[in-house]
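Just so we're clear, the structure is a prediction, and the values are computed from it rather than from any experiment. Quick note on labels: first sequence line is chain A, next is B, and so on, each numbered from 1.
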There are 2 protein chains.
Amino acid sequence: MKKSDINSTEIARLAGVSRSTVSRVINNYSNVPAETRDKVLKVIQQYNYFPNVSAQVLAGKRARTIGLFLIEEGNVSGDMLTNMLIVSVIEHASEHGYYVLTHIIRDAKDTEMIKNVREIFFQRRIDGGIFIGAAIREPLIEELIDEGFVIGIVDQSLSDHPEPNRIVSQFNNDSGMKQAVAYLAGLGHSRIGVINGDMNRLSGQTKYEGYKTAMRMCGLQVNPNWVLDGDFHERSGYMAIQKLLSQEAELPTAIIAANDSVAFGAIRALKEHKLRVPEDLSIIGFDDHALSEKHHPALTTIRVDFSDMLKRMTSYLITKIEQKTSDIKEITIDCSLVVRDSCRRI
Amino acid sequence: MKKSDINSTEIARLAGVSRSTVSRVINNYSNVPAETRDKVLKVIQQYNYFPNVSAQVLAGKRARTIGLFLIEEGNVSGDMLTNMLIVSVIEHASEHGYYVLTHIIRDAKDTEMIKNVREIFFQRRIDGGIFIGAAIREPLIEELIDEGFVIGIVDQSLSDHPEPNRIVSQFNNDSGMKQAVAYLAGLGHSRIGVINGDMNRLSGQTKYEGYKTAMRMCGLQVNPNWVLDGDFHERSGYMAIQKLLSQEAELPTAIIAANDSVAFGAIRALKEHKLRVPEDLSIIGFDDHALSEKHHPALTTIRVDFSDMLKRMTSYLITKIEQKTSDIKEITIDCSLVVRDSCRRI
DNA sequence: CTGAAAGCGCTTACAG
DNA sequence: CTGAAAGCGCTTACAG
């Protein structure tokens with residue numbers, strides 16, 4: 001008989017006890033004398049027995065699995081940031097004895113996709129889930145929360161009547177933008193533009209709002225020609241600069257990009273037009289992507305700790321799953337300016 | 001009642017049939033008349049019912065989940081290659097209706113770790129697993145194969161008596177090395193060194209063997225001073241060059257690195273010593289890492305299609321899980337030279 | 001074509 | 001402290 005075919009009845013027989021007792025030992029019940037416990041444990045060890053998880057779940061235990069849902073319209077494969085997010089969740093879940101089922105959502109509006117995700121929850125494959133990359137108020141997610149599933153959402157704020165099973169997290173983008181604008185203003189810049197992120201995402205909105213507020217606080221004018229559309233991807237930064245240079249208007253002296261990828265794209269476009277960074281134009285990013293340090297020029301940016309965020313998110317999620325605590329959880333992580341070579345004093 | 005609390009008894013009652021019939025509809029039995037099927041399906045749709053997967057598995061169905069085990073001693077987080085591997089498996093599994101439970105193994109020798117992995121299989125959480133980054137003949141993996149679990153191993157060859165539940169894949173490193181050496185020889189190089197990968201891994205060995213064979217075929221001498229140790233990580237390439245330059249011996253004119261990360265490290269060390277690539281030394285990598293194209297100088301390398309490999313691995317694994325076919329599967333993927341700027345004619 | 005029933009491998013009140 | 005028994009929600013041979 002393969003070790004993997006052993007079940008609790010067999011263990012009980014070999015240890016000379018009932019299945020109830022085997023179960024009590026496995027689940028660490030206090031009312032089992034040390035002697036009995038040891039005897040059972042020895043057989044379990046010897047036969048390499050692990051209780052069938054489906055049977056355990058069916059009998060009322062938790063699956064000890066959480067879902068990680070990455071909403072990425074483009075190709076996820078290329079980005080090392082994504083990898084860090086996945087690994088963060090897996091490793092921190094593992095510390096709590098949980099496993100992670102990762103799922104990629106190419107299109108959050110696709111009915112087939114929605115059905116798929118719903119299935120994972122309703123089938124009881126997972127005890128809860130974390131969503132990354134969701135738009136503000138995604139119907140699918142709202143439905144899952146209504147159903148009572150424990151859900152963590154990255155880059156989201158709490159609603160007015162927050163449900164006890166909703167956990168949200170975001171960076172303090174407002175503060176990040178203030179640091180960026182203040183830094184540029186300190187270098188003598190007053191013509192500061194911005195390339196926005198995806199405005200369907202909370203961070204897209206809060207970053208833009210933060211930019212406007214910070215400009216006002218520094219007594220600077222926002223020039224509508226310098227507010228450029230983007231979507232957090234490299235290509236959108238490239239396109240934004242193309243558009244900026246094609247319009248005959250005056251150029252800004254500095255631009256803040258919604259994230260580092262966008263900044264990379266912007267710099268690529270500037271290079272093609274023989275504009276140097278920072279000599280002709282200062283650029284500041286957001287995230288502190290792993291590549292930013294190695295970039296030419298090394299990118300000045302607002303650092304953000306994704307790993308810490310995911311760690312806390314994962315930890316809160318599991319706590320909520322296990323204790324069913326009803327205290328609301330909202331995670332906000334601070335950002336900090338990292339000065340490198342992509343901005344100059346004027 | 002929450003939708004998520006509905007079960008097959010409830011569906012049966014609402015549709016006016018027995019649970020047996022509900023189950024037959026769900027499992028697409030042919031002996032259910034269209035009318036009955038539609039009636040049941042309508043109720044299932046309406047109540048958003050999904051069968052409890054634990055109950056299904058316990059009753060004998062598959063979990064439709066595969067495990068993905070990444071063995072990485074260092075920090076996985078940084079690498080975009082890892083991300084591509086994870087995403088490849090998830091997406092291809094998804095096409096077959098399978099889910100992926102990803103697990104990171106920091107130390108394949110740690111007993112706690114081993115117990116953890118074993119647990120995932122023995123608990124019947126997954127129907128099979130894929131291992132990436134394993135050493136040649138990892139005891140844990142061999143045990144799992146002995147137990148009858150369906151296992152796919154990347155960078156591994158078939159044993160002499162291959163079990164029907166073992167699937168292996170590797171790149172044609174021999175051919176890759178031949179292309180690299182032949183290309184350099186064609187540029188006039190005869191003093192060609194190598195920085196090896198991890199010799200505990202199959203690819204570490206086959207690459208080195210391929211190098212030696214190719215040198216012989218080109219009528220070139222292997223100078224032991226130019227055979228440098230490494231481990232596939234960037235730092236080892238850096239260290240290898242440091243060591244090479246510290247010894248008073250003659251330098252090679254070209255070096256082949258076990259992979260692109262190693263090549264990056266080597267170039268970094270050369271730069272620190274004011275040696276230019278390719279003017280002073282030609283470097284050729286392996287993998288065609290996403291960063292190689294953007295590197296300065298753009299890296300000449302041997303391209304390898306990880307995505308294709310994982311796609312086929314995932315697909316074979318699932319086929320084997322479902323059909324229990326016993327035909328042996330061994331995947332070998334070809335490599336191709338990509339010429340960029342890191343090698344010069346001499 | 002369809003239902004009643006056994007069985008999958010656990011957990012946990014219940015009774016002693 | 002411990003065992004017998006019910007129950008978790010399915011699937012599937014069996015009988016009709």
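The distance between the ring centers of A:F149 and A:F122 falls below 6.0 angstrom.
Between B:L58 and A:R24, it is A:R24 whose nearest contact on DNA chain D lies nearer the 5' terminus.
Counting non-hydrogen atoms of other residues, nucleotides and ligands closer than 6.0 Å to NZ of B:K109 gives a total above 12. Heavy-atom neighbours of B:K42 NZ from other residues, nucleotides or ligands within 6.0 Å: at or below the threshold of 12.
Using modelled atom types, one finds a donor on one side chain and an acceptor on the other under 3.5 Å when comparing B:R125 with A:T65.
Between A:F121 and A:F69, the ring planes lie parallel to each other; the angle is under 30°, not in the 30° to 60° tilted range.
A 3.5 Å limit on both hydrogen-bonding distances identifies D:dG3 as the Watson-Crick or G-U partner of C:dC14.
Among the heavy atoms of the strands lying under 4.0 Å from B:S23 is at least one base atom, whether or not backbone atoms are also near. Using a 4.0 Å heavy-atom cutoff across all strands shown, A:S8 reaches sugar-phosphate atoms only and no base atom.
Interface limits on DNA chain C: the 5'-most and 3'-most nucleotides within less than 4.0 Å of chain B heavy atoms are C:dC1 to C:dG9.
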Give the C-alpha distance, both sets of side-chain angles, the deciding distance and a yes or no for side-chain contact (heavy atoms from CB on, under 4.5 Å) between A:Q170 and A:Q156.
-> CA-CA 6 Å; A:Q170 62 174 321; A:Q156 201 94 162; over 6 Å; no

After noting the C-alpha distance and the side-chain angles of B:Q123 and A:Y99, does the key distance pass the side-chain hydrogen bond (donor to acceptor under 3.5 Å, both in side chains) rule?
-> CA-CA 12 Å; B:Q123 282 188 331; A:Y99 297 105; 5.0 Å; no

Does the side-chain contact (heavy atoms from CB on, under 4.5 Å) test come out yes or no for B:M313 and B:K329, once each step is laid out?
-> CA-CA 9 Å; B:M313 175 64 98; B:K329 288 295 182 194; over 6 Å; no

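Contacts of residues 25-45 of chain B with DNA chain D (heavy atom under 4.0 Å): B:N27, B:Y29.
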